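The structure under discussion appears below in the form of C-alpha cells.
Lettering of chains follows the sequences in order, A, B, ..., and the numbering in each one begins at 1. Owing to the predicted nature of the structure, the values given are computational and were not obtained by experimental measurement.
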Number of protein chains: 2
Amino acid sequence: MKNQVLLIPGPTYVRPQTLRAQTGTLIGHRGQEYRNLHRRIVEQLRFFLNTKADIFILPSSASGCMEAAIRNGVKQNVLCLVNGAFSERWAEIAAMNGKKVDRLEIPLGKAPTPKLLKEKLQSKTYDAVTLVLSETSTGARAPIEKLAPIMKKYPKTLFCVDGVSITGGEPINVDEWGIDVFLFGTQKALALPPGIAFMSVSEKALEKAQTIKNRGFYFDFLTLKKAADKQQTPVTPPITLLYATIHQLDYILNQETLKKRFLRHAQMAKMVRDWGKNYFSLFTNKNYLVNTLTTFKTPSNFNTEHFLKICQNQGFELANGYGDLKNKTFRIGHMGDHSLETIKLMITTLTPLVENSLPQPL
Amino acid sequence: MKNQVLLIPGPTYVRPQTLRAQTGTLIGHRGQEYRNLHRRIVEQLRFFLNTKADIFILPSSASGCMEAAIRNGVKQNVLCLVNGAFSERWAEIAAMNGKKVDRLEIPLGKAPTPKLLKEKLQSKTYDAVTLVLSETSTGARAPIEKLAPIMKKYPKTLFCVDGVSITGGEPINVDEWGIDVFLFGTQKALALPPGIAFMSVSEKALEKAQTIKNRGFYFDFLTLKKAADKQQTPVTPPITLLYATIHQLDYILNQETLKKRFLRHAQMAKMVRDWGKNYFSLFTNKNYLVNTLTTFKTPSNFNTEHFLKICQNQGFELANGYGDLKNKTFRIGHMGDHSLETIKLMITTLTPLVENSLPQPL
C-alpha cells in the first residue's frame with residue numbers, strides 16, 4: 001500500500017527527492033538538451049558497470065531487454081541457466097521467439113556451478129548463454145567470478161546476464177567478466193521508479209546481431225546503436241523517468257559513493273539475516289546469497305499469508321514467495337535507498353509479530 | 001529547452017498537477033491497490049475510445065504497439081497505408097519482423113482514400129491493414145469514417161490503427177469503426193509524460209493471435225490478455241507514470257469533459273491556421289487536417305531553421321519538418337493541455353518574427 005515501508009524485492013522505496021526529479025518540464029527528445037541528458041546517463045552507467053561498451057536506454061521493463069538479447073544474439077541455439085522464475089522466464093522468452101532452448105536446471109535457491117556450465121558448453125555449440133546474476137525469486141547470486149573464465153573459453157558464445165535485482169547493490173564488472181549483454185531495470189537497488197531498462201551491449205554482440213535475421217524493430221540492437229551514437233533513442237524515451245535517473249545516479253556516485261552504497265547493502269543483508277535466523281532458516285544456499293534480498297523458509301504450520309498481512313498492518317510490506325515458493329517462503333527486499341535505521345525499525349516491529357505467529361513449542 | 005512553451009507535436013506541455021501526480025510513493029504491482037489503479041485506467045480508456053474491447057497497458061512507446069500488432073496480427077501478408085514517416089515506420093517494422101509488406105503509397109500531406117483501399121483489398125488477401133489515423137509528420141488525418149465501411153467488407157483482415165497524435169484531441173470510435181487494434185502513446189494530446197502506451201485489442205485480434213507462431217513475449221497479446229484479466233501487466237508497469245495517467249484521465253473526463261476538450265482543439269487549430277495562412281500555405285491537403293497539429297510549407301528562400309531558432313529565443317519551441325520535409329515545412333503542435341491564451345501569445349510573439357523572416361517583396 002502507499003506510504004508503507006516497501007521491503008519487497010522491487011519496486012522499492014524511492015526518495016522524495018528522486019520522485020520530485022520527475023517533475024521537470026518536458027523537452028523535445030531530438031534536441032541538444034535531451035542529447036546532453038542521454039550522454040550523461042550513459043557515461044555514469046558505464047562507470048557504474050565498469051564497461052566501455054555501448055549502453056542502450058530502453059522504454060521498457062528489463063524483460064524487454066531479455067527479449068532483445070534473444071532476438072539479436074541467438075540464431076538458433078541458446079543455453080539458459082535456470083534456477084528460478086526469472087531465469088525460467090528468459091528460457092520461455094527464447095522459446096516464444098522460436099529459438100531452440102536447452103535448459104541447465106539448477107534447484108531453487110542454488111546457482112549454476114562452473115562444472116555444470118562447462119559440461120553443457122562442451123556438449124554443444126550455443127549462440128548464447130543466459131544467466132540471471134541474482135534470481136529475484138530466491139535471492140540466489142550466481143558465482144559469476146567463477147563462471148566468467150569458463151565462458152571466455154567459448155568466445156563465439158555470447159554471455160548474456162540479467163542484473164536486475166543486484167545492480168546498484170553490489171559491484172558489477174561487465175568488461176572484466178566478459179559480459180556481452182548486461183541488462184537491468186531501475187526499480188530495484190537503483191531505487192528509481194519502474195519504466196526504463198538499460199543494457200550494455202558488446203561489440204561482439206553487435207557483430208552477431210548483423211548475422212541474425214528477424215530481429216524486429218523495437219529491440220533491434222542495430223537500430224538502438226544507430227540512435228545511441230547520436231545520444232538518442234529510436235523511439236520517444238520516458239523523459240521524466242530519465243530526469244529521475246540522472247538525479248539518482250548523481251546522488252549515488254557523487255553523494256553516497258558506490259563504496260558506501262555497497263557496504264550499506266552488505267550491512268542491511270547481515271542485519272536481516274542475523275535477526276531472521278532466530279526464527280526461520282535461509283531458503284537460499286549460504287554460498288549464493290545476494291546482498292539485496294533474503295528469502296526465508298517458513299515452517300509448514302506457519303501461516304505466511306497471515307503473517308505478511310499483519311506486517312503490512314504495522315507498516316511494513318514484505319513479499320510472499322514467488323510462484324511455487326508461495327506460502328513456503330517469504331522475501332525481504334533490503335535494497336536501494338533503505339537505511340540501516342529502517343531495517344532496525346522493521347526488526348523491532350516484526351519481532352513480536354514473528355514470535356506470536358510461530359507455532360508454540362509444546 | 002526546459003521551461004519553453006513546447007508547441008512541437010509531442011512531447012507536449014504537461015500541467016504541473018500532472019507532473020506532481022508522478023510523485024506518489026511506490027506500490028507493489030501484484031497487490032490490490034495496483035489492481036484498482038489498473039482497472040480504473042482501463043475503464044476510463046474504454047470510455048475515451050468508445051470500446052468494449054480489452055485494453056492493454058504497455059511499458060513501451062507506441063512504436064512497441066506497432067510491433068505488437070504485426071507480431072500478433074500478421075501471419076504473412078500485411079497492407080500498410082503509407083503517407084508519411086510514421087506510417088512508413090509501421091511498414092518497416094513489419095518487414096523487420098519478417099512479414100510480407102505491400103505498401104499503398106499516398107503522397108505526403110494526403111491520406112488514403114476508400115477507392116484506393118478497396119482496390120488493394122480486392123487484389124489480395126491480407127492478414128491485416130495498418131493505418132496511421134493522424135500522420136504526425138504532416139498532420140494528415142485519414143478519412144476513417146469512409147475507410148471503415150470498406151474494411152468491414154473484409155472481416156478476416158484485421159484493421160490496425162495508430163492513434164498517437166490524435167487521441168485526446170478528437171473523438172475516437174474504436175467499436176463503431178470496427179478497429180481491431182488501436183494504439184497510442186501518452187505524450188501527445190493526452191498531455192502526459194512519455195513512457196507508456198495503450199492499445200485496445202478486439203476479440204478477433206486475440207483469436208487471430210492464437211493462430212500465429214513466434215509472437216515473442218514482451219508484446220504477446222495472449223500474455224498481455226492473461227495479465228489484463230487480473231488487472232495486471234505481465235512485467236513491472238511504470239507505476240509513477242500510471243499515477244499521472246489516472247490523474248489526467250480524471251481531469252479530462254470529469255473536470256474539462258471530452259466535449260470541451262475536443263472543442264478547444266478545434267479552436268486552437270483554427271486560430272493557428274487563420275493566422276499562419278497570412279504568411280504560409282498549408283502543407284497538408286485541406287480535406288485531411290487533424291485538429292492537433294499543423295504543418296506549414298515555407299517559401300524556398302525562407303530560412304526555416306533560423307526562424308525556429310528565433311522562435312525558441314522568444315520562448316516558443318516549434319518543430320521543423322520531419323525527414324524529407326525538414327527545412328521545407330515546419331510544424332506547430334497545438335495539442336494536449338495548451339490553452340487558447342497560449343496560442344494567442346504565440347501568435348502575438350511570432351507575428352513580428354515571421355514578418356521579419358519572410359523574404360521582402362521587391
Which atom pair, heavy atoms only, marks the closest approach of [X] to [Y]?
X: B:Ile27; Y: A:Pro11; result: O-CG, 3.7 Å
X: A:Leu6; Y: B:Gly28; result: CD1-N, 4.1 Å
X: A:Leu26; Y: B:Val14; result: CD2-CG2, 3.6 Å
X: B:Asp220; Y: A:Met96; result: OD2-CE, 3.5 Å

Query raised in the report: Looking only at atom types and distance, does a side-chain atom of B:Glu67 sit under 3.5 Å from a main-chain N or O of A:Phe217, one as donor and one as acceptor?
Result: yes

Interchain contact, [X] with chain B, by part (heavy-atom threshold 4.5 Å):
X: A:Pro234; result: backbone
X: A:Leu241; result: side chain
X: A:Thr223; result: side chain
X: A:Ile8; result: side chain

Count the heavy-atom pairs under 4.5 Å between each of [options] and chain B, then report the option with the highest count.
options: A:Ala62, A:Pro59, A:Gly98, A:Pro237; answer: A:Pro59
options: A:Ile70, A:Thr233, A:Thr236, A:Thr186; answer: A:Thr236
options: A:Arg20, A:Lys99, A:Arg89; answer: A:Arg89

Report task. May I have the step-by-step check of side chain to side chain donor-acceptor pair (under 3.5 Å) for A:Thr240 and B:Gln22, ending in yes or no? Result -> CA-CA 9 Å; A:Thr240 57; B:Gln22 295 175 100; 2.7 Å; yes

Query raised in the report: Is it the backbone or the side chain of B:Gln187 that comes under 4.5 Å from a heavy atom of chain A, or both, or neither?
Result: side chain

Report task. Using non-hydrogen atoms and a 4.5 Å limit, figure out which bit of B:Phe86 sits close to chain A: side chain, backbone, both or neither. Result -> neither

Query raised in the report: What residues of residues 188-197 of chain A sit under 4.5 Å from chain B when only non-hydrogen atoms are counted?
Result: A:Pro193, A:Pro194, A:Gly195

Query - For A:Tyr13, all residues meeting ring pair (Phe, Tyr, Trp, His ring centres under 6.0 Å), sequence neighbours excluded - result: A:His338

Query - Close side-chain approach of A:Val235 and B:Met66, heavy atoms under 4.5 Å - result: no

**Report entry** Flag if over 12 foreign heavy atoms under 6.0 Å of CG, A:Asp324
**Finding:** no

Query raised in the report: Strictly under 6.0 Å, is that where the ring centroids of A:Tyr218 and B:Tyr218 end up?
Result: no

